[in-house]
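Hydrogens, waters and symmetry mates play no part in the numbers below; they use all other heavy atoms, side chains included.
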Amino acid sequence: MPFRLPNGLSVTMDCEPWLKKFNIIGNLPPLVASLIVVVISLTVCWLGDDIDYMFRIKTAIWDSNGFINTPSDFFQSQWNHYRFVNGRIVAHSLVQLFCGVWGKIPFALCNGIVWFLFLRLIGVCSLNQSTYGFNTALTITAVAMLSFVTKMMPTTQIGYVWMFTLTMLWWRLYDSRKFHSPVGIIFLCLLGLLAGNGQEALSVGMCAVLPVSLISPVLTNKVSLKEIMTSRKLLPVAFFIVGTAIDCLAPSTLNRAETAEPIGFLDSLLYGCVALRAFYLMLLVAIIVIVRKRMDFRSIIRSNAPCLTGIVVLLLFNFMIGIKSNRQLFGVELLSIIMLVRILPRHTFSRIPLLFLVLAALSLYAVQTVCAVRIGEKFKQIEREYLQSSNGNVYVTRRRVSDNTFSREFHLYEDITGQFDNDVRHSIMKLFLHTYPGGKVLRIMPEAVRPDPAKGKIPYGALRERVIHTAPGHYVIITSVENPEIVVTMRNRLTGEETPDTLRPPRPTSFVKVADGQRWNFYEFVPDIPFSVISRIDKFLLNSQPE
């Protein structure tokens, strides 16, 4: 396009190369996804750990208190975090800065940007090229959004999606020839140290991927072993492994591993079978491609040996420690998506499967956004009643937004439900105490014991040894016993197996005193074992309703 300058000179401006380099069409799916992420990040209500990270950590997340007002507060909190919580220095430094200093709006905007980079880097690492078509970008976006379903708050987004993005960025730069100079190697070492410390759900697998990627050229006679051993690229790998070791061998990490309740192999297998998505999709596509003879089995193994090694190592690692969260398997999912894109014909699905994946992703996020809005409304109700209360007592029925197993276990929001004192109620109470003057302690009680407006008294019939079944899977146990031993029997919905669990000594979520001095304690119970429901509550079965 000619452009004439004031002095009569003319130049030709050709925008086509720039537009091709920027690849507007290929960037459209991740851009739309990042906008969706920004909206949801602004919608969700920060609860639980995200409130606890607003304050200075002492010896655990739950006992954090006091706002972060100085750099000294931040560094002392992070040192305690490394000693008593976990070894992810990079991730949780950012978590505490966003939760305790910068706030929700900056986090939501940054989260959208990181998601854009995250989806783009999946494509770049899969194809080893910076540009690719619209359908490939749409395939990556749809599969990733269906696979990496987790809460849209700093603790989970920064802890997983952001750290995975950092690791993929380092991986891409590591493979680039532009970083072979001494300065480039030093930069890769420092970045590798940070990326290795980011998230063990991926970095443990990458510690296997990187050596295999170094050795593979030797096995195909492309380079000699001597060249590999004298290569400068060994040093960044070593720093990445050191970063992973700093995370996995932290005093807090080792202590959690020793004190954690063991998770049986069958429970881990069951949870893993439900949590994995991209992994199964990758296996299905690989089988179809092999059966149709479009690609040789050995060539798939040979070209994807590093990713396959990482997947196997991560599966073994997670089964060894026990699987209790879908986020543990995100590393497996990421490497599976990379393999999936590589082995798909033309690196994309055909129109009908692709349309189905896109509609599934949009439906999932639309439904869960509605659930997040309901949680926000419930939080505002609790806050409103707390401010109006003279003693901090709030009468609401807390319940899960959804009792559906999948939407409950893999959701974008935090439910306002609780399990004795170590729950969301405790973090809300702390937030209100620090935010509002007056020193009122928040006590959340079931709607069934709300005082009669006319008499100003709690109905006597509501206060007796009994269980209130407030919502599916959510119970409130009312008793006058100060230190009860509550035996709860859980039934796994998928296997039918029942497991009794003695909860002692539980601490009440709230209590109320009546005129005669009698103190009635309220114990809320929501099962935190995946896919389980309460089938029996011994000693306190009166007036409960069946599941």
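Between Tyr82 and His92, the ring center distance fails the sub-6.0 Å criterion. In this structure, the ring of Phe319 has its center less than 6.0 angstrom from the ring center of Phe265. Between Phe240 and Trp170, a ring centre-to-centre spacing shorter than 6.0 Å is recorded.
Atom CE of residue Met153 and atom OG1 of residue Thr156 lie 6.0 Å apart, to the nearest 0.5 angstrom. For the atom pair NE2 of His81 and OG of Ser64, the computed distance is 10.0 Å after rounding to the nearest 0.5 Å. Atom OG1 of residue Thr244 and atom CD of residue Glu200 lie 9.0 Å apart, to the nearest 0.5 angstrom. The distance from atom CD1 of Ile158 to atom SG of Cys99, rounded to the nearest 0.5 Å, is 6.5 Å. Put simply, CZ on Phe511 and CH2 on Trp520 are 15.0 Å apart, with the number rounded to the nearest 0.5 Å. Between atom CZ of residue Arg327 and atom OH of residue Tyr160 there is a gap of 5.0 Å, rounded to the nearest 0.5 Å.
Atom CD1 of Ile105 has 12 or fewer neighbouring heavy atoms from other residues, nucleotides or ligands inside a 6.0 Å radius.
A donor-acceptor pair shorter than 3.5 Å can be found between the side chains of Thr59 and Asp63. In this model, a donor atom of one side chain and an acceptor atom of the other lie less than 3.5 Å apart for Gln96 and Ser77. Side-chain N/O atoms of Asn492 and Glu497 include no donor and acceptor closer than 3.5 Å. Residues Thr155 and Asp49 bring no donor and acceptor atom of their side chains to less than 3.5 Å of each other.
Every side-chain contact (heavy atoms from CB on, under 4.5 Å) that Thr489 has, sequence neighbours left out, goes to Glu498, Pro500, Ser535, Arg536.
Counting heavy atoms from C-beta on, the side chains of Val476 and Tyr523 never come closer than 4.5 Å. Between Ser480 and Gln518 there is a side-chain heavy-atom pair separated by less than 4.5 Å. With a 4.5 Å cut-off on side-chain heavy atoms, Ile477 and Ile537 count as touching.
Note: Tyr436 and Tyr386 have tilted aromatic rings, judged against thresholds of 30 and 60 degrees for the angle between ring planes. Relative ring orientation between Phe164 and Phe118 is described as tilted, the plane-to-plane angle lying within the 30° to 60° band. Between Phe98 and Trp162, the ring planes lie perpendicular to each other; the angle is over 60°, past the 30° to 60° tilted range.
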Q: Before giving the answer on salt bridge (Lys or Arg N to Asp or Glu O under 4.0 Å), spell out for Arg450 and Glu447 the whole-Å C-alpha distance, their side-chain angles and the decisive distance to 0.1 Å.
A: CA-CA 5 Å; Arg450 181 187 288 272; Glu447 186 73 33; 2.7 Å; yes
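Among residue pairs with one or both ends in residues 145-158, those qualifying as salt bridge (charged side-chain N to carboxylate O under 4.0 Å, His left out) are Lys151-Glu414; sequence neighbours excluded.
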